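Start at 1 with the first residue, then count along the sequence. Keep in mind it's a predicted model, so treat the numbers as computed, not measured.
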Amino acid sequence: QGVANAVGMALAERLLNARYGDDLVNHHTYVLAGDGCLMEGISQEAISLAGHLKLSKLILLWDDNSISIDGPVSVSDSTDQRKRFEASGWETMAVDGHDPDAIAAAIEAARGSDRPTMIACKTTIGYGAPKKAGTNKAHGSPLGDEEIAETRKALGWEYAPFELPEDILDAWRVAGLRSTKSRVEWEERLEGTKAEIKAEFNRRFSGALPGSFDRTVQKYKQKLADEKPTLASRKSSQNALEVINGAIPETIGGSADLTGSNNTNTSQTPSITPDDFSGRFIHWGIREHAMAAAMNGIALHGGLIPYSGGFLIFSDYCRTSVRLAALMGIRVIHVWTHDSIGVGEDGPTHEPVEQMASLRAIPNLLMFRPADAMETAECWQLALESQHAPSGIALTRQNLPAVRLDYSEKNLCATGAYDLIPANEAEVTIFASGSEVGLAVEAQKVLDGKGIATRVVSVPCMELFFEQPEDYQKAIIGNSPIKVGVEAAIRMGWDAFIGTDGIFIGMNGYGASGKGSDLFKHFGITAEAIVEAVEKKRA
């Protein structure tokens, strides 16, 4: 993760440097990596991308101690790491990792390279420990009091724990003073920058969105209310992004080799290339692992809001990084299209079934599944306003009818679930998300025509719903004797709305290959199935 985070940080530096110049953004990114870091597959995705983009201000120091928890690295790996990095477009060097002067000289040389640099620092793990140095015993367990005492003797270290020799303390104080001077000089350069550029720079790094953003969204929502488009939500997302990217200059888009499928590019996002970082679209390649982790690095760097595209099924590749984004509380946005069996012909390997439940299980992750163009715009607004939680937006390939027909200044999706079609003393309440909201609306019309009072609740974001006051939650869940949940996915999570005895229309196994519309019929996820299940329950 750290290697890919660092690639994201180094990329963020280049992107912001292209916008603000050397006076404001001009720094190196350093990553300390061990043998295990370089064995993980994510590291290859990350270093190959960094080499391709020629991220010359990225310097990786490899602690080459040849030891893992199981023993010598040689028991599991024979990779020539320097050749591997060289093959990926990196400069490489090798030094004695216990020689500070050699390390300093290597770093200075690396700072002059036109490529990212890997410095292999040959070290002895547990250096100085008489019995455990150079062994895995120094890796996975404490040295112990006796070995620590002997190590102190071997290193000539006569100071008590936490006692700092004055010469070392003085050296650190000098370093601090040097950095203080550099900081003051940078602040003076920022202060001397044009007022509008300074204001934008400070706003970006504060995490605040442009003040005009809400007005821009309201204008766009009014347009959607007037036009009521029937669109795949992935296309609705692209249309929303066209507005968003025009209003928020710090958004950085991308896709894992699925640009035409994810619709994450807009007119404002020319491609970022090794020779031009003025663009706003990253071609991540087929590197979902590194993409998600590097997005975390971009967000942690600050000044940019990263979003990317992939298929919902491939969120499994991103999961570790998504979890860490949620744990850290950072704003990254994952656009996950092809969100159900509606994918159709790609078959069960590409049809998400358990992914929504799995992602909803991650604390502090907002998972959005909008029902139409209006909800898609509102979900994008919420994701962008979420400074301390990452978001995933699950979107369809198939067209969806407009279900939100009227303009509302209020962002209805902000409550996570809301009455789309209310009904007094409803006998039936249908809860649904995404493409299945349209099916719920169809079923409501039929049931209402039969004299069965039915309300429809759209559930674009369960996480936001459960953040609402208890009174609101109770009112939305209501007391209808028959509750129905509809989602082209597994039931897990829906019992909070429908109860353990509620009706669930969805999946309980994997999908199949065929036209998406045929698969919905095949698996019984239709308006007719909803009506039939309700009538059976009433009988």
Side-chain angles (χ1 to χ4, degrees), residues 1-33 42-43 45-60 90 111 115-117 186 189-190 193 197 200-209 245 248-256 264 268-285 287 289-309 318 321-322 324-325 328-334 383-384 387-388 390-391:
Q1 286 289 314
V3 175
N5 288 169
V7 171
M9 292 176 181
L11 179 52
E13 187 276 338
R14 288 290 81 198
L15 295 172
L16 289 164
N17 174 270
R19 171 68 180 91
Y20 295 107
D22 289 349
D23 281 351
L24 294 186
V25 185
N26 183 24
H27 63 78
H28 285 76
T29 300
Y30 299 90
V31 53
L32 307 180
I42 190 174
S43 69
E45 293 186 16
I47 69 171
S48 65
L49 179 66
H52 167 70
L53 290 174
K54 300 177 183 176
L55 298 178
S56 59
K57 290 185 175 291
L58 176 61
I59 299 173
L60 182 147
W90 287 55
R111 287 166 65 91
R115 295 183 287 168
T117 301
W186 178 85
R189 292 195 299 274
L190 177 61
T193 303
I197 294 177
E200 182 196 66
F201 186 91
N202 287 331
R203 179 191 62 75
R204 283 192 181 198
F205 276 89
S206 75
L209 299 176
N245 288 336
I248 305 176
E250 62 266 35
T251 51
I252 298 295
S255 175
T264 45
Q268 305 91 349
T269 56
S271 297
I272 294 160
T273 73
D275 304 310
D276 185 358
F277 290 94
S278 64
R280 291 171 60 186
F281 193 86
I282 304 168
H283 293 278
W284 292 104
R287 300 185 181 100
H289 294 279
M291 174 180 74
M295 286 170 64
N296 289 353
I298 291 172
L300 289 166
H301 181 282
L304 300 168
I305 301 174
Y307 72 85
S308 70
C318 306
S321 300
V322 171
L324 285 173
M328 292 185 285
I330 55 177
R331 178 171 48 192
V332 296
I333 303 170
H334 292 271
L384 288 161
Q387 289 194 42
H388 304 295
S391 300

Could you check if a side-chain atom of Arg204 sits within less than 4.5 angstrom of a side-chain atom of Leu304, using non-hydrogen atoms only?
yes

Looking at Arg19 and Glu250, does any basic side-chain N land under 4.0 Å from a carboxylate oxygen?
no

Heavy-atom side-chain contact between Val3 and Ile42 under 4.5 Å
no

Distance-minimising heavy-atom pair for Ile298 and Ala12:
CA-CB, 4.2 Å

Side chain proximity check, Thr269 to Thr251, heavy atoms < 4.5 angstrom
no

Within a strict 4.5 Å, meaning less than it, do heavy atoms of the His388 and Ile330 side chains meet?
no

Parallel, tilted or perpendicular for Phe201 and Tyr20, by the 30°/60° rule?
perpendicular

Please lay out, stage by stage, how Thr193 and Asp23 fare under the test side-chain contact (heavy atoms from CB on, under 4.5 Å).
CA-CA 9 Å; Thr193 303; Asp23 281 351; over 6 Å; no

Would you say Arg331's side chain and Leu384's backbone share a donor-acceptor pair under 3.5 angstrom?
yes

Can you tell me how far NE2 of His28 sits from CZ of Arg111, rounded to the nearest 0.5 angstrom?
4.5 Å

So do Leu209 and Ile305 actually touch side chain to side chain, heavy atoms under 4.5 Å?
yes

Closest heavy-atom contact between Glu45 and Ala290?
OE1-N, 2.9 Å

Carefully, step by step, assess Leu60 and Tyr30 under the rule side-chain contact (heavy atoms from CB on, under 4.5 Å).
CA-CA 6 Å; Leu60 182 147; Tyr30 299 90; over 6 Å; no

For the residue pair Arg115 and Trp90, what are the closest heavy atoms and their distance?
NH1-O, 3.4 Å

I need the minimum non-hydrogen distance between Ala50 and Pro116, along with the two atoms involved.
O-CG, 3.8 Å

If I take atom CD1 from residue Ile333 and atom OG1 from residue Thr264, how far apart are they, to the nearest 0.5 angstrom?
12.0 Å

For the residue pair Phe281 and Asn245, establish whether any side-chain heavy-atom pair is separated by less than 4.5 Å.
no

Between Asp276 and Ser278, is there a side-chain donor-acceptor contact under 3.5 Å, judged purely by atom types and distance?
yes

Return the minimal non-hydrogen interatomic distance between His283 and Ser271, and the atom names on each side.
NE2-OG, 2.8 Å

Ignoring hydrogens, what is the shortest heavy-atom contact between Ser308 and Met295? Give both atom names and the distance.
OG-SD, 3.1 Å

Walk me through it: do His301 and His27 pass the test side-chain contact (heavy atoms from CB on, under 4.5 Å)?
CA-CA 11 Å; His301 181 282; His27 63 78; 3.0 Å; yes

Could you walk me through whether Lys57 and Thr29 pass side-chain contact (heavy atoms from CB on, under 4.5 Å), step by step?
CA-CA 6 Å; Lys57 290 185 175 291; Thr29 300; over 6 Å; no

A side-chain contact here means heavy atoms from C-beta on lying under 4.5 Å apart; do Ile272 and Arg14 qualify?
no

Is any side-chain heavy atom of Ser391 less than 4.5 Å from a side-chain heavy atom of Tyr307?
no

First locate atom NZ of Lys54, then atom OG1 of Thr273, and finally report the distance between them rounded to the nearest 0.5 Å.
9.0 Å

Taking atom CG of Asn5 and atom CG of Leu300, what is their separation to the nearest 0.5 Å?
6.5 Å

Rounded to the nearest 0.5 Å, how far does CD1 of Ile282 lie from CZ of Arg287?
11.5 Å

Would you please say whether a donor-acceptor pair under 3.5 Å links the side chains of Ser321 and Asn296?
no

